[in-house]
K.L.:
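Let me give you the structure first, and then I'll get to my questions.
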Amino acid sequence: MEFKVNCGIWGAMFGVPIIVADNFLKLATGGQIKVLLYLLRYSGKMCSTEDISTNTGVSPEEAEEAVLFWQQANVLSPQTSGAPAPVPSLMAQPSQSVEAPASGQIHKETEPAPNHKISLSAKEIADIMNGSQDIRELFRIIESILGSLSNGQMNSIIWMYDHLGLKKEVISTLFSFCQQIEKTNTAYIEKIAVSWAEKEINSLEAATDETQKLLTSRDFTSQVARTLELRPPITQNKKDIIEQWRTLGFSIELIRYAYEKALDIEAKLPFFYANKTLLKWHDKGITTVEEAKNDNNEYKTKRASSNSDNSTDIEEYKSVINKFLY
């Protein structure tokens with residue numbers, strides 16, 4: 001069966017890069033395609049992650065990851081504007097390769113690190129490897145973690161080492177961590193690398209501590225999600241709240257009890273109602289389910305007593321009034 005696009009009835013149109021149709025219709029997810037179409041439609045407009053999310057139906061987190069995916073694919077290139085959340089612009093032509101240093105040595109830039117990778121050819125990467133033992137060792141270590149490396153992955157590793165200034169042992173720790181959590185997408189790894197560079201996490205000890213914190217937080221979030229039967233994807237707002245619960249030392253049992261209380265009263269937003277309850281208990285020093293139940297029973301007793309007193313007062317008031325009326 002053949003189809004023909006009826007251009008006349010749609011009015012204005014916009015273009016989609018051929019590389020997307022030829023190479024990414026199978027590789028990209030539905031959410032990534034939706035985000036790209038939205039960005040192409042509003043090319044040149046500065047939009048926030050929330051704008052993209054609202055108009056495409058994907059979560060803000062998915063929108064951000066989709067933008068990183070298309071940047072990695074060289075379909076989008078980032079803006080350097082000072083706007084808070086710029087939409088990347090469509091690349092008019094393939095990114096040009098950067099000439100490798102004549103000596104083959106990696107050098108530090110005096111200008112701020114770019115927020116995207118350089119694009120080195122296979123020959124340029126080979127020249128850099130010949131001049132840098134650290135890069136050779138990094139490639140060998142990361143190949144033992146991920147397997148054979150693509151040109152894009154090699155570019156990413158060199159970018160982390162050269163432009164972000166991360167040390168060899170820090171980069172290898174990062175890749176090992178991402179392999180452990182089964183999130184080896186290059187864009188995801190680069191996002192963490194930028195975060196570490198900003199936080200000045202640049203020693204083996206600091207990287208090890210950070211990965212342990214991330215693993216602990218991830219495990220706790222997974223436990224809470226399973227316990228409360230939260231539907232994926234979990235929003236960043238909820239992740240932040242769950243991390244606060246972990247930091248404050250709430251047990252899974254106490255979290256479950258708070259959530260069940262919210263469900264019992266048919267709260268419209270049980271997760272956030274449970275959060276208020278937990279924070280209230282924390283202020284009272286309540287740390288166990290038993291203490292929470294005792295607190296709840298005391299509240300019910302006081303409330304029942306208050307209602308009873310009010311009822312008595314009303315009866316006395318009626319009695320007095322009736323003396324004057326009859």
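Nothing fancy with the numbering, it's 1 onward along the sequence.
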K.L.:
Return the CD1 to NZ distance between Ile189 and Lys183, rounded to the nearest 0.5 Å.
P.N.:
10.5 Å
K.L.:
Any heavy-atom pair between the side chains of Ile265 and Tyr273 that's under 4.5 Å?
P.N.:
yes
K.L.:
Look at Lys284 together with Glu291 and state whether they make a salt bridge at an N to O cut-off of under 4.0 Å.
P.N.:
no
K.L.:
Between Leu279 and Leu248, does a side chain to side chain contact (heavy atoms under 4.5 Å, CB included) hold up when you go through it step by step?
P.N.:
CA-CA 9 Å; Leu279 295 179; Leu248 294 177; 3.8 Å; yes
K.L.:
Decide yes or no for Val20 and Leu36: does some side-chain heavy atom of the first lie under 4.5 Å from some side-chain heavy atom of the second?
P.N.:
yes
K.L.:
Under 4.5 Å between side-chain heavy atoms, counting indirect links through other Ile/Leu/Val/Met/Phe/Trp/Tyr residues: same cluster for Leu215 and Val224 or not?
P.N.:
no
K.L.:
Would a distance-only check, ignoring hydrogens and angles, find a side-chain to backbone donor-acceptor pair under 3.5 Å from Thr56 to Lys34?
P.N.:
no
K.L.:
Does the plane of the ring in Trp245 sit parallel, tilted or perpendicular to the ring in Phe271? Use 30° and 60° as the thresholds.
P.N.:
tilted
K.L.:
Hey, mind stepping through Glu190 and Ser156 against side-chain hydrogen bond (donor to acceptor under 3.5 Å, both in side chains) and telling me if it holds?
P.N.:
CA-CA 7 Å; Glu190 289 177 357; Ser156 184; 2.9 Å; yes
K.L.:
Looking at Ser132 and Ile128, would you say the former's side chain and the latter's main chain have a donor-acceptor pair under 3.5 Å?
P.N.:
no
K.L.:
List the atom of Cys178, the atom of Thr184, and the distance in Å for their closest heavy-atom pair.
P.N.:
O-CG2, 3.9 Å
K.L.:
When you check the gap from the basic side-chain N to the acidic O, do Lys123 and Asp127 get nearer than 4.0 Å?
P.N.:
yes
K.L.:
I'd like to know if the side chain of Thr221 and the backbone of Ser217 have a donor-acceptor N/O pair within less than 3.5 Å.
P.N.:
yes
K.L.:
Return yes if some donor-acceptor pair links the side-chain N/O of Glu124 with the main-chain N/O of Ser121 below 3.5 Å, else return no.
P.N.:
yes
K.L.:
How far apart are the closest heavy atoms of Met160 and Ile171, and which atoms are they?
P.N.:
CB-CD1, 3.8 Å
K.L.:
From Lys238 NZ over to Phe272 CZ, what is the distance, rounded to the nearest 0.5 angstrom?
P.N.:
5.5 Å
K.L.:
Quick one, Gln32 with Glu62, criterion side chain to side chain contact (heavy atoms under 4.5 Å, CB included). Give me CA distance, side-chain angles, the key distance, then yes/no.
P.N.:
CA-CA 8 Å; Gln32 289 165 345; Glu62 286 179 296; over 6 Å; no
K.L.:
So how far is it from Ile52 CD1 to Tyr38 OH, rounded to the nearest 0.5 Å?
P.N.:
7.0 Å
K.L.:
Roughly how far, to the nearest 0.5 Å, is the CD atom of Gln153 from the CD atom of Glu143?
P.N.:
9.5 Å
K.L.:
Please tell me whether Leu166 and Ile145 are part of a single hydrophobic cluster in this structure, the criterion being side-chain heavy atoms less than 4.5 Å apart.
P.N.:
yes
K.L.:
With no hydrogens and no angle check, just 3.5 Å: does a side-chain donor-acceptor pair link Asp219 and Gln223?
P.N.:
no
K.L.:
Can you confirm if the NZ or CZ of Lys168 lies within 45° of the ring axis of Tyr161 and under 6.0 Å from the centre of its six-membered ring?
P.N.:
no
K.L.:
Is Phe175 close to Ile141 at the side-chain level, that is, under 4.5 Å between some pair of heavy atoms?
P.N.:
no
K.L.:
Is there a path of hydrophobic side-chain contacts, each under 4.5 Å between heavy atoms, that joins Ile201 and Leu204?
P.N.:
no
K.L.:
Just verifying a value: how many Å separate Thr288 OG1 and Asn294 CG, rounded to the nearest 0.5 Å?
P.N.:
7.5 Å
K.L.:
Cluster question for you: counting only ILVMFWY and a side-chain heavy-atom cut-off of under 4.5 Å, with indirect links fine, are Leu269 and Leu230 together?
P.N.:
yes
K.L.:
For Arg136 and Met129, work out which heavy atoms get closest and say how close.
P.N.:
NH1-O, 2.7 Å
K.L.:
Indicate yes or no: at least one non-hydrogen side-chain atom of Lys293 is less than 4.5 angstrom from one of Glu290.
P.N.:
no
K.L.:
Any non-hydrogen side-chain atom of Leu254 less than 4.5 Å from a side-chain atom of Thr287?
P.N.:
no
K.L.:
How far does CD1 of Ile142 sit from OG of Ser148, to the nearest 0.5 angstrom?
P.N.:
13.0 Å
K.L.:
Taking all non-hydrogen atoms of both residues into account, name the closest pair between Pro270 and Leu263 and its distance.
P.N.:
CB-CD2, 3.9 Å
K.L.:
Measuring only between side-chain heavy atoms, which start at C-beta, is Val16 closer than 4.5 Å to Leu40?
P.N.:
yes
K.L.:
Less than 4.5 Å apart, any side-chain heavy atom of Tyr42 and any of Leu37?
P.N.:
no
K.L.:
Where the side chain of Asn202 meets the backbone of Gly165, is there a donor-acceptor pair that is under 3.5 Å apart?
P.N.:
yes
K.L.:
If you take the centroid of each ring, where Trp contributes its six-membered ring, are Trp196 and Phe177 closer together than 6.0 Å?
P.N.:
no
K.L.:
Show the nearest heavy-atom pair for residues Asn155 and Leu120, with the distance to one decimal.
P.N.:
OD1-N, 2.7 Å
K.L.:
Please test Gln179 against Glu182 for side chain to side chain contact (heavy atoms under 4.5 Å, CB included), starting from the C-alpha separation and ending with a verdict.
P.N.:
CA-CA 5 Å; Gln179 172 65 19; Glu182 299 180 347; over 6 Å; no
K.L.:
Any Lys/Arg nitrogen of Glu243 or Arg246 sitting under 4.0 Å from an Asp/Glu carboxylate oxygen of the other?
P.N.:
yes
K.L.:
Under a 3.5 Å cutoff, is there a donor and acceptor pairing between the side chains of Asn55 and Asp51?
P.N.:
no
K.L.:
Grab the two heavy atoms, one from Thr49 and one from Ala63, that are nearest each other, plus how far apart they are.
P.N.:
CG2-CB, 4.0 Å
K.L.:
Any chain of hydrophobic side-chain contacts (each under 4.5 Å) joining Ile181 to Val194?
P.N.:
yes
